[in-house]
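Quick notes on the structure that follows.
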Amino acid sequence: MIDWADTVWRLFTVFAVLIGALLVAAGLIWVERRLLALFQNRYGPNVVGPFGTLQVVADMVKIFTKEDWVPPFADKSVFVLAPTIIMAAVLLSFAVIPFAPGFQVVNLNVGLLFFLAMSSMGVYSVVLGGWSSNSKYSLLGGVRAAAQMLSYEVFMGLSLMGVVLLAGSFDLATIVDAQARGIWYVVPQIVGFVVFLIAGSAETRRLPFDLPEAESELVAGFHAEYSGMKFGMFYVGEYLGITLLSAMIATLFFGGWSGPLLPPFLWFVVKAAFFVGLFILLRGSLPRPRYDQLMAWGWKFLLPLSLLNLLVTGAVILAMA
Amino acid sequence: MSDPLVTLVFYGIAAVTIVAAIGVVSLRNIYRAALCLVLTFLGVAGVYILLNADFVAVMQVLIYAGAVTTMLLFAIMLTRSPGSPRSNAANRQSGLALFAVLVLVVLLVLALGTAVWPQTAPVAAQSSVDVLAKQLFTTYALPFEIASVLLLAAMVGAIILARED
């Protein structure tokens, strides 16, 4: 027999997470423009609607009504496919995040690995976009993206293994539970947290890690040939990416939904929102490194650091057991 | 696989995987062939999920569909221009290839014909990660370590080959 109440609740979670994530990502475009304006001592969008909040709606209308143009020299099917991959990969990742006790689309045993797998799928979006555009700037952007994201994925995965060791599980809900009962993992895993923060923002390709698009060198890099809603999907995908990353940081290192007084879901939102703000501040304040600096820093510093962190964490857990 | 829905999903995934695999070997555009390879790996991951092997499935996506194929695409992007349509090299070794394939088919038929198959997918009593880890570090510790050493040797070899001297 079908349990109707359960089915309705599951459907509700799916749609709430899907629509919520998209709305938050759209809203973030406005938040980021206002915050960057604040940091840079100017106004930002403040004309359309109260505090300029309807600017997002205006942008949406504009981007939907623009000509949907595919360059004649592009590899058409791959060109069209590329922007959809990033949206699909990031939205799928939201399925495993525990927003509150019981409020999770699917409780996977290997939730953390699923998140990593989906983020490695997201790489294709940028690489394929850069390649199929068949233009030299896009190709350079795509090649850079492939190397950058492949490299930083390694440290991103390794930096999270300390958390997995402490919680003894890949299951995100279990990881949050373990933190709610004990200590937030940011304390014992401060190194892992910092590495994840850096590697994660490299995965989202935002300043200071926007080398694949680097407008001062590559016009717009991998999405130089994109326009209209296809460009919009890359754009929204980027904001979905930082929302996801902030949610993951809150879940893995800051106790997820756990916290006193306030309802769990609100705690989760507060923690995630803080990190979204931090990422916008990072974008507003840090310069872009050179490509060789990015690679050297990753492989020669972050990789040994995350391995050492893993080793020490394992040793301490063994000694205490 | 008694559930008809599971059977249906299995045939769907199997069809996608096989079509994609045919694409990998038959497409003339090497870049698209690599993309078909991604689809093949994802299909295999789907089969693993149907077999209750979620950890193996996620690892399949993370390593094969993710890292390995991205490396492949990276190499193609560095060496070929996007405009070249027929870049999947066909050479004159088709006779040899046919022989190798025939040998493989015979071996597979022998192996599959004599194997005893479980009728249902094993139901994971506990987390599949735990089971896998225990097996890897007890029963299969030696093969596991040998594989690790082999990979390390390959890595060192690659670095030596790539070094400028």
Side-chain angles (χ1 to χ4, degrees), chain A residues 71 73-75 77-79 81-82 85 89 92 96 106-136 138-151 153-154 156-157 164 168-171 174 222 225, chain B residues 5 23 27-39 41-42 45-46 48-49 52-85 87 123-133 137 155 159:
Chain A
F73 44 82
D75 186 340
S77 48
V78 182
F79 188 85
L81 189 68
I85 297 175
L92 275 172
V96 293
V106 57
N107 190 4
L108 276 189
N109 250 334
V110 287
L112 185 62
L113 291 171
F114 181 81
F115 159 75
L116 291 174
M118 283 306 121
S119 97
S120 77
M121 285 289 100
V123 180
Y124 283 113
S125 186
V126 185
V127 173
L128 296 187
W131 185 80
S132 65
S133 300
N134 202 356
S135 98
K136 48 181 171 289
S138 300
L139 186 66
L140 277 173
V143 171
R144 280 188 184 187
Q148 172 181 330
M149 292 170 83
L150 203 64
S151 308
E153 221 165 64
V154 177
M156 190 162 92
V164 175
S169 174
F170 286 111
D171 179 359
T174 314
F222 67 93
E225 304 293 339
Chain B
L5 192 65
L27 280 180
R28 277 280 170 260
N29 185 333
I30 193 169
Y31 201 83
R32 294 209 173 168
L35 292 185
C36 280
L37 192 61
V38 180
L39 203 57
F41 285 147
L42 288 179
Y48 287 147
I49 289 176
N52 282 333
D54 49 1
F55 181 77
V56 184
V58 174
M59 276 303 161
Q60 168 85 8
V61 177
L62 192 62
I63 294 172
Y64 288 97
V68 170
T69 325
T70 313
M71 277 312 256
L72 213 68
L73 289 182
F74 183 66
I76 296 172
M77 282 163 85
L78 275 181
T79 51
R80 317 242 166 181
S81 82
S84 55
S87 43
V123 178
Q126 41 182 322
S127 153
S128 65
V129 185
D130 296 349
V131 181
L132 200 71
F137 287 104
M155 212 155 74
I159 291 172

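The chains referred to below are lettered A, B, ... by the order of the sequence lines, with proteins before strands, and numbering in each begins at 1. All values below come from the heavy atoms of this structure, side chains included, with hydrogens, waters and symmetry mates left out.
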- Task: For chain A, find which of B:T69, B:D54, B:L62 contributes the most heavy-atom pairs closer than 4.5 angstrom.
- Result: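 So the answer, after comparing B:T69, B:D54, B:L62, is B:L62.
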What part of [X] gets within 4.5 angstrom of chain B, counting heavy atoms only: side chain, backbone, both, or neither?
X      : value
A:A145 : neither
A:V143 : both
A:L150 : side chain

- Task: For atom OH of B:Y64, decide whether the heavy atoms of other residues, nucleotides or ligands shown that lie under 6.0 angstrom number more than 12.
- Result: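 Counting other residues, nucleotides and ligands, OH of B:Y64 stays at 12 neighbours or fewer.
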- Message: Measuring only between side-chain heavy atoms, which start at C-beta, is A:Y124 closer than 4.5 Å to B:T70?
- Response: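 Yes, at least one pair of side-chain atoms sits under 4.5 Å.
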- Message: Any heavy-atom pair between the side chains of B:L73 and A:L128 that's under 4.5 Å?
- Response: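 They are in side-chain contact.
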- Query: Are B:R32 and A:V78 close enough, and set up right, to give a side-chain contact (heavy atoms from CB on, under 4.5 Å), and what steps lead you there?
  - Reply: CA-CA 9 Å; B:R32 294 209 173 168; A:V78 182; 4.2 Å; yes
- Item | Residue B:I63 versus chain A: region with a heavy atom under 4.5 Å |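 Neither part.
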- Nearest heavy atoms of B:G66 and A:M121, plus distance in Å: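 Scanning both residues, the minimum pair turns out to be N-CE, 3.8 Å.
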- Compare every heavy atom of B:V61 with every heavy atom of A:A117, then report the nearest pair and how far apart it is.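 Nearest pair, atom of A:A117 first, then B:V61: CB-CG1, 3.8 Å.
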